[in-house]
Number of protein chains: 2
Amino acid sequence: MIIVDAVAPRTRIQIEKRELILEAALDVFSRFGFRGATIDRIAETAGMSKPNLLYYFRRKDDIYSALMHRLLDTWLQPLRELDDIGDPMTELRGYIRRKLEMSRDYPRESRLFANEILEGAPRIMPLIAGELKTLVDEKVLVIRGWMKAGKIARTDPHHLIFSIWATTQHYADFDVQVRAVLGPDKGAAGRYEDAARFLEQLFMDGLRPKD
Amino acid sequence: MIIVDAVAPRTRIQIEKRELILEAALDVFSRFGFRGATIDRIAETAGMSKPNLLYYFRRKDDIYSALMHRLLDTWLQPLRELDDIGDPMTELRGYIRRKLEMSRDYPRESRLFANEILEGAPRIMPLIAGELKTLVDEKVLVIRGWMKAGKIARTDPHHLIFSIWATTQHYADFDVQVRAVLGPDKGAAGRYEDAARFLEQLFMDGLRPKD
DNA sequence: GGCAATTTTGACCGAACGGACAAAGGTTAG
DNA sequence: CTAACCTTTGTCCGTTCGGTCAAAATTGCC
């Protein structure tokens with residue numbers, strides 16, 4: 001992956017401050033979307049003045065791009081770890097678990113990504129059609145191999161991946177709705193445990209080889 | 001449900017123009033989100049001037065509210081139709097099919113709703129915690145009844161509903177990503193057929209009673 | 001046809017926003 | 001210590017946006 005930074009960080013302060021800004025930007029962008037987020041608000045969250053922030057990132061878009069590039073990298077990590085060598089059912093169960101843990105531990109990242117896609121991915125379309133598609137294509141071949149070998153049930157690998165994405169990310173992206181529907185009794189921990197149990201059962205039942 | 005209209009429509013023109021505006025607003029809001037949408041753009045899409053539009057809806061929020069209220073009503077229709085009387089497996093299969101058809105036929109509504117929830121549902125929280133939760137609670141009881149009767153496998157009804165929502169709405173909300181990953185070969189029709197087949201198999205396998 | 005009510009429009013306003021800039025204040029290496 | 005470079009800030013500008021207003025145009029009713 002190629003990262004183009006408007007200002008290549010050179011000094012200690014630049015490295016620290018850029019990190020501080022990206023952390024603040026993640027907070028603000030994921031809450032308000034690209035248009036709803038203001039430079040002033042990001043600067044305030046990062047504890048600096050607007051002109052100061054603009055010294056590190058010349059444009060609002062630059063902050064957003066830097067954030068999206070970094071985000072997508074960690075975002076695809078669970079899928080990258082889906083390994084051809086291991087036991088298929090174990091591998092897929094592990095993938096679902098890791099993906100759900102990402103929703104639990106990085107909800108801001110999930111919402112930011114969802115927001116971008118929802119708007120038509122105007123800023124990261126190349127990454128989606130490039131890096132992401134390549135990775136999915138690769139893993140689809142792995143899954144298809146497992147199916148041919150009779151290790152898991154035959155089904156559509158693409159839609160299997162979509163379903164795993166959809167169900168796991170739902171708990172981050174629609175968190176407000178999930179909490180409202182479940183009521184106040186369930187804490188976050190219990191919610192995610194129940195979800196993990198349910199999803200594991202759902203997908204394992206769907207993937208167990210039939211004969 | 002209570003609908004509060006800032007201006008109660010009285011004349012023929014008011015009824016027609018308000019309809020025209022809401023249609024345009026759905027288009028614009030679902031593409032740009034609440035903050036990204038401008039009154040000017042909605043007015044332009046509706047083929048009228050901004051002050052003219054503001055004659056029918058005094059505030060931007062009023063358009064948005066009117067839209068959300070109407071939307072939620074049709075949005076919950078498939079779940080309302082989940083019937084206690086029918087055969088459980090058939091009922092649930094029908095629900096999944098209807099929900100997927102809604103994603104196919106009303107993607108703008110799906111995206112608008114997703115956007116609102118993603119932002120924390122600031123404008124429709126009462127509806128989510130009220131009307132929606134009530135409906136879900138009711139249907140959860142129905143599903144739980146089916147489980148106790150041994151008609152479907154025992155699992156968590158709440159998370160079952162969440163999974164159906166997540167997987168079906170994914171095809172509307174993440175449409176851009178789905179298209180990019182599947183490549184240009186698949187048309188919309190084929191995509192939705194494949195998805196329907198996959199989801200039906202996944203959930204039917206997961207719900208078939210075990211003994 | 002004429003009058004009242006409704007609808008449409010152009011012009012305008014204040015606030016918020018993205019961004020520019022120059023000057024002031026710090027930091028660091030020789 | 002000092003000169004060169006890096007960092008921070010106050011101020012300002014043009015644009016966009018939500019919303020107002022009064023006047024003009026149109027419609028509906030007797």
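Note: hydrogens, waters and symmetry copies are ignored here, and every other heavy atom, side chains too, is used. Computed from a predicted model, the values in this text were never measured in an experiment. Chain A is the first sequence line, chain B the second, and so forth, proteins listed ahead of strands; every chain is numbered from 1.
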Query - B:Gln14 side-chain N/O to C:dT6 phosphate OP1/OP2 under 4.0 Å - result: no
Report task. Could you tell me whether B:Leu54 contacts a base, only the sugar-phosphate backbone, or nothing, with contacts defined as non-hydrogen atoms closer than 4.0 Å? Result -> base
Query raised in the report: Is it true that A:Glu44 and A:Lys50 have a side-chain N and a carboxylate O under 4.0 angstrom from each other?
Result: no
Query - Short side-chain N/O contact to C:dT9 OP1/OP2 from B:Asn52, under 4.0 Å - result: yes
Query raised in the report: Are the side chain of A:Arg18 and the backbone of A:Tyr56 linked by a donor-acceptor contact shorter than 3.5 Å?
Result: yes
Query raised in the report: How would you label the contact of B:Ala43 with the nucleic acid (heavy atoms, under 4.0 Å): base, sugar-phosphate, or nothing?
Result: nothing
Report task. Among the candidates C:dG19, D:dG19, D:dC17, find the nucleotide nearest to the side-chain atoms of B:Thr38. Result -> D:dC17
Query raised in the report: Should B:Tyr55 be listed as having a side-chain N or O under 4.0 Å from OP1 or OP2 of D:dT20?
Result: no
Query raised in the report: Quick one: is B:Ser49 getting a side-chain N or O under 4.0 Å of the C:dT9 phosphate, OP1 or OP2?
Result: yes
Requested in this report: Go through D:dT9, D:dT20, C:dG19 for me and flag the one nearest to the A:Pro51 side chain.
Outcome: D:dT9
**Report entry** Ion pair A:Glu200/A:Arg97, N-O distance below 4.0 Å
**Finding:** no
Query raised in the report: Is there a donor-acceptor contact under 3.5 Å from the side chain of A:Arg80 to the main chain of A:Asp73?
Result: yes
**Report entry** B:Arg58 CZ to C:dT7 P, straight-line distance once rounded to whole Å
**Finding:** 14 Å
Query raised in the report: Are any of A:Lys50's side-chain N or O atoms less than 4.0 Å away from OP1 or OP2 of C:dC17?
Result: no
**Report entry** Phosphate OP1/OP2 of D:dG19: any B:Arg59 side-chain N/O under 4.0 Å
**Finding:** yes
